[in-house]
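Below you'll find the structure, written out as structure tokens, and then a few comments.
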Amino acid sequence: MATLPQIAVLGAGIFVKTQYIPRLAEISHLFCLKYIWSRSEESSRGAVEIAKQHFPGVECKWGDQGLNDIVQDSSLIGTAVVLAGQVQVDISLKLLKAGKHVIQEKPAATSIPEIETALASYKSVCTNPGQPIWAVAENYRFEPAFVESKKLVAGVGDMMNVQVIIEGSMNSSNPYFSSSWRRNFEGGFILDMGVHFIAGLRMMVGCEVTSVSAITSHIDRSLPPPDIISSNFKLENGCSGVFVMVVSSSSPKIIWRVVGSKGTVQVERGKVDGKHGYLQGNGYEAEPRSSFVEGARDVAVLEAMLESGSKGGTLVNVKKF
């Protein structure tokens, strides 16, 4: 039997322990999990203890030396980067430059300047046809509902209006509520959570958001500002829409709705048996929906909305990538 490809997971927080390790265990016949890395030895060992139930040979790596070991390990074909948003891009680039494929958690980046610098660095180093793949995980563009809704939208005639209504449930009962990194960059939970909903919007309508005008506010003082955003947006096909997001609501609701001249398509996020999940792609080339650029475009829409909100609703053009 051919030797299985070897990968590493960088990060050992809640999401790795409760989501990544169980999902990787479901496809453990496809690869070998060689390392789990964290900044601290304690954190790495904690995640490895959980992972050993499914990957008995997995090893701990931590700190600068451990990261360097992973970068230099030529046996690793790919890595999953599941770290604080502020450090993900830098570490992803180190791994890409070492020739390793990277699937990185969202948001793709924390700002437009970071995206511009990252893309320039990636293009300058990875110029060959077989360049390492840089993908963004936890990606709504792979959700069956959006794959299907994109097809349905094509049949509703002329697109007349689009509505995205997000009433979230980010409160003290959520395990990510106290996450320090989500509170320590501009946009906070709006950016961290919102990239999912923008990805769903862009997938569903099949075109780009070109400009936005938004009002932001801060009502729930237990959350970082802003915690509410109301935005008008314009699509490149000329259609207008609204994006409304409340980070924490007493009655959570998530809806995407496209109104056309011949019909309407609505997607409502829900749960089946208390669970929801994501599909994954396979193959040897980057699936376009998972590319870092697609994730960057989601961030660009939200950053334009946040900028408009900080300026009292001024029209802001969305940066193109």
Side-chain angles (χ1 to χ4, degrees), residues 84-86 105-115 138 140 161-205 208-235 239-259 266-270 295-319:
Q86 293 91 335
E105 266 302 312
K106 54 82 197 166
T110 59
S111 68
I112 297 299
E114 185 178 40
I115 290 170
E138 201 186 350
Y140 269 39
N161 188 254
V162 182
Q163 303 146 37
V164 183
I165 310 298
I166 311 299
E167 299 172 12
S169 56
M170 182 53 66
N171 53 46
S172 58
S173 65
N174 190 296
Y176 305 104
F177 178 78
S178 299
S179 171
S180 60
W181 74 260
R182 291 174 173 86
R183 294 171 173 269
N184 292 333
F185 66 87
E186 187 173 351
F189 286 109
I190 291 281
L191 181 59
D192 175 56
M193 297 164 60
V195 289
H196 290 310
F197 312 126
I198 295 298
L201 164 66
R202 293 180 51 244
M203 177 70 176
M204 197 169 174
V205 300
E208 298 300 334
V209 179
T210 58
S211 61
V212 302
S213 175
I215 299 295
T216 55
S217 55
H218 189 203
I219 302 299
D220 187 341
R221 297 293 167 168
S222 69
L223 295 166
D227 66 327
I228 300 168
I229 189 164
S230 301
S231 177
N232 293 316
F233 61 80
K234 184 178 180 181
L235 300 175
C239 182
S240 64
V242 294
F243 176 90
V244 178
M245 181 174 172
V246 178
V247 173
S248 185
S249 166
S250 60
S251 55
K253 197 81 168 178
I254 302 178
I255 294 172
W256 295 258
R257 185 175 175 87
V258 177
V259 181
Q266 178 169 307
V267 173
E268 183 171 345
R269 182 181 171 186
R297 289 169 180 157
D298 298 333
V299 172
V301 173
L302 281 166
E303 182 151 307
M305 289 179 178
L306 290 164
E307 180 183 344
S308 176
S310 71
K311 296 177 178 177
T314 299
L315 187 70
V316 174
N317 291 326
V318 177
K319 179 74 176 180

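Starting from 1, each residue takes its place in the sequence as its number. All figures in this text were calculated on a predicted structure; none of them were measured in a lab.
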Looking at side-chain heavy atoms only, is the closest gap between [X] and [Y] below 4.5 Å?
X      : Y      : value
Ser211 : Phe233 : no
Phe197 : Arg202 : no
Val164 : Val244 : no
Val299 : Leu191 : yes
Lys319 : Glu303 : no
Val162 : Val205 : yes

Looking only at heavy atoms, what is the nearest atom pair of [X] and [Y], with distance?
X      : Y      : value
Leu201 : Trp256 : N-NE1, 3.5 Å
Pro226 : Thr216 : CB-CB, 3.8 Å
His218 : Pro224 : NE2-C, 3.9 Å
Gly295 : Ala108 : C-CB, 3.5 Å
Val212 : Ser231 : CB-OG, 3.8 Å

Self-check item: Qualifying salt bridge (Lys or Arg N to Asp or Glu O under 4.0 Å) pairs, either residue in residues 244-258, two or more places apart
Solution: Lys253-Glu268

For the [atom1] atom of [X] and the [atom2] atom of [Y], what is their distance to the nearest 0.5 Å?
X      : Y      : atom1 : atom2 : result
Glu186 : Ser310 : CD    : OG    : 7.0 Å
Asp227 : Ser248 : CG    : OG    : 8.0 Å
Ser213 : Met305 : OG    : CE    : 10.0 Å
Ile166 : Ile228 : CD1   : CD1   : 14.0 Å
Ile165 : Gln163 : CD1   : CD    : 6.5 Å
Glu167 : Met245 : CD    : CE    : 11.5 Å

Practice problem: List for me each residue that meets ring-ring contact (aromatic ring centres under 6.0 Å, His included) alongside Phe185, sequence neighbours excluded, and say none if there are none. | Solution: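 Residues passing ring-ring contact (aromatic ring centres under 6.0 Å, His included) with Phe185: Trp181.
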
Quiz item: Could you go step by step and tell me if Met170 and Leu223 meet the side chain to side chain contact (heavy atoms under 4.5 Å, CB included) rule?
Solution: CA-CA 9 Å; Met170 182 53 66; Leu223 295 166; 4.1 Å; yes

Quiz prompt | Neighbour count above 12 (heavy atom, 6.0 Å) for Glu208 CD | solution = yes

Quiz item: Under 3.5 Å, is there a donor-acceptor pair linking the side chains of Tyr140 and Arg269?
Solution: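 Note: Tyr140 and Arg269 side chains meet the donor-acceptor criterion.
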
Quiz item: Per the side chain to side chain contact (heavy atoms under 4.5 Å, CB included) rule, which among Asp192, Ile198, Ile229 passes with Leu302?
Solution: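 Of the listed options, the one satisfying the test is Ile198.
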
Identify every side-chain donor-acceptor pair in residues 311-318 under 3.5 Å, counting partners at least two apart or on other chains, and give the distances.
from   : atom 1 : to     : atom 2 : distance (Å)
Lys311 : NZ     : Glu307 : OE2    : 2.8
Thr314 : OG1    : Lys311 : O      : 3.1

Quiz item: Is a donor on one side and an acceptor on the other found under 3.5 Å between the side chain of His196 and the backbone of Lys106?
Solution: no

